[in-house]
Each structure stands twice: as structure tokens, then as C-alpha cells.
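Heads up, the thing below is written out as C-alpha cells.
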Amino acid sequence: MSVSSTRNGAGSGVAAALRRFEVMAFVVGIGLLILCVEVVLHYGFDNDSLAWWSPIHGVLYLLYVITTADLGMRLRWSLGRMVGVMLAGVVPFFSFVMERKVAREVQVR
Amino acid sequence: MLRNALRPRWLALLALVLAVCVAFGWMGSWQLGVARDKGTEQARREVVSSPRVPMEQVLQPQQGFPLTADGRRVAVRGRYDARRHVLVSGRLQHGVSGWWVVTAVRTSAGAWLPVVRGWVPSPDAAAASPDRVPSGPVRLEGVLQPDDAPADASAAADDSAADDGAPADDAASGTASGAGTGTRALRALDAAELVNLWGAPIYNGFLVLTAEQATGSVAPGPEHVPPPTVQPTGLAWRNVAYAVQWWVFAGFALVLWWKMVRQDARERQAAGQAGFGEDGGTA
């Protein structure tokens, strides 16, 4: 793994943080798609059969935000960058893109 | 580290974070309010739509009125006792102040159940007379209500319109002039008071009649009272979760701020001791 050879001396920590971030970005990306279906069902069809998902997705998103902050702190991201990546988790499909981008970037370092 | 937190840059960020916290805290409170409103509405709908049950399943004589009985639709069998008959003043029906016609039913459990048979605009109304009480065995359907709270009683007493029909009536009980001899007029429906008039055993709470099956032909009774809407409290758990999440996010913003201050302080320290920054000193 190329990430383990970063200059920070906390390389293995970064690798693990990146892994956690990637997992949560994926989970939140999928969760957000489920949430979109839920919203369409709720407002479009007055159907609340998926309504139980929204609070669970809230918790998952919180975990995503935490892993983002953890990774961002380790990589000395600016606050704007960190918040930007966090917000990427609320745009459908964008968290997948962001996850790829961040992973590539970390591996280049 | 604390000194670092007081640098203008971090203070400005703290102000921003606190603003976010206030906004998120407010969103959380709003969701909690929604949770309460929805919960109350759900609980009300559940109670109202819950199937009718035999009364003995939810309410026993001489026992406290359980919260779960409030607003329950029940059925009960028994016999009216026309001598145990009271009117309750200051009751609104479609905005008009009038009287509730309340007659005791001896239930199959052998206790007195106050039954609100209906409403009359005046105690002199024919429908308020005990003569209209069915004499044989009856099967009643209605909605259970807890006894009037003392506050309700005083509110009813404040309603001056309530006194118009009953010149003779004074404090808690009196005799309504036109409604037949011996008909008591009360200001509140309360088992503690009724037990003095009717004797024990008695139920705490009363039945608002919605349907009545009697044997033989019976003269029409008073106009039914619409079953009151109940106000049980409850929370919609989903909105509680949203409220908690807003607050957790607010807390997280604060934690993140503090972590960034700490990291910045560590880096400054490491930069000060040039060369020794093994961990995080690469700036």
C-alpha cells in the first residue's frame, strides 16, 4: 500500500483512516440513494414504507462526517476542504466521486 | 493550548461554530416539537381507532382511572337507575352552553357508572327528565373519560351562562328547578362527589354515550354529546431521532473546532523546537 509510506510518520494511521473514510463514503452513498427513494415515495406516493430509513441514514452520515474529519485532520486539510468533503455526502452519487478523488490523492502523496 | 484557542483566527472560527450550534440546537428543538405534535396525534388516532372493548377490560369500579382508558371506546351492560340522575351545568355543545344529562347505570359488575346520556340547552327540557331513562336492561356504547379536574369545575363555574337556567342552584350542588323533583345539578362530574349522592361502589371516570340498545320502546333521550378529543402525550420516535441528530452534529462541530485548535497548537510547538517534530511537525 503506497499510503503507508507517506511522510507524516503517521502513515499507517492515515491508511486506516482512509479505509474508514472509503467504507463510510460508500455506505453513505448507497444510503443516500435509499433516502432519495424514500423521499420520492413519501412526497410522490404518500407511501411511508421506507420512512424508517431516514433516522438511520442520519446516524450513518454522522459516522461519515466523523471519518472525514479524522482523515482530514491527519492529512492537514483546510477547514473548507473538510466541510466540502462532508457536504459531498449529501449530494447523490457525489460521495462516490469524492471518495475516488480523495483516495487517489492520498495514494499520490 | 488555551492561548492558541484565543488567537483571533480560532476565536472567529469558534464564533462561527457556536452560530452553527445555535442553529442546529434550534433545528433539534423544532424536531422535538414536531415529535410531540405527531406523537399526540398518533396516540389520539390510535385510541380513537382502537376497537371497542368490554368496559371491564379497561376500567374497574373503585379504582384509579388508567391513562390507557382515556378516550377508549367501550361497551357495557347494565340497568339505568332513574333516581340516580344529575345535570351538570356549563357544558358547551356546538358553542352553546347547556347541561349534561347524567344517569347512573348499575353495571353487571354491580357498581355505579355515570353515563353522560346527552346534552340539553336547559334543565327544563323534556329530554333532561328522568322519565326518559330506559327502565329495562340496556347495552351501552360510548367513550370513557376521566373525572373532571378541579380546574374544569371552576372553569365551568365561571361560565355565567350556566346559571341562567337554574336560579336555585348555588355552590357545588343544588336542585334544578324544572327538571323534576330531586334532580341534582352539579358543576363538575366527579366520582368523589357522586359517591355521596349515589353510594358505592362507583367508577372513577364516566361514559360519554354514543349508542344505546334498550328493550321496549323508549322516548327519545337528550342529544348525544360528541365524544371529546383526548390529549394523550406521546413522541414520534423518528422526529426524536432527528432532534438528537441535530444536537449531536452541533456537539460534533464544537469537538472538531477543539481538535483543530489542538492540532494547530501542537504544530506551532513542533515548529518551535525545530527538527524534533517527529509526529506532525512537517510544516
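Computed from a predicted model, the values in this text were never measured in an experiment. Note that these values count all heavy atoms, side chains included, but never hydrogens, waters or copies made by symmetry. Chain letters run A, B, ... following the sequence lines, proteins first, then strands; residues in each count from 1.
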- Min side-chain heavy-atom separation Met260(B)-Leu79(A) under 4.5 Å: yes

- Message: Within this structure, what is the NZ-CE distance for the pair Lys259(B) and Met73(A), rounded to the nearest 0.5 Å?
- Response: 6.5 Å

- Heavy atoms of Phe249(B) and Val65(A) approach each other most closely as CE2-CG2, 4.0 Å

- Task: Please say whether more than 12 non-hydrogen atoms of neighbouring residues, nucleotides or ligands are located less than 6.0 Å from CZ in Arg268(B).
- Result: yes

- Pair Gln245(B)-Val59(A), side chain to side chain contact (heavy atoms under 4.5 Å, CB included): steps then yes or no: CA-CA 7 Å; Gln245(B) 280 167 19; Val59(A) 173; 3.5 Å; yes

- Item | Partner set under side-chain hydrogen bond (donor to acceptor under 3.5 Å, both in side chains) for Thr107(B), not counting sequence neighbours | Tyr203(B)

- Give a yes or no on this: more than 12 heavy atoms of other residues, nucleotides or ligands lie within 6.0 Å of atom CZ of Arg20(A). yes

- Item | Pairwise side-chain contact, Met86(A) with Leu256(B), heavy-atom cut-off 4.5 Å (strictly under) | yes

- What closest approach, in Å, do Ala69(A) and Phe252(B) show between heavy atoms, and which atom pair accounts for it? CB-CZ, 3.6 Å

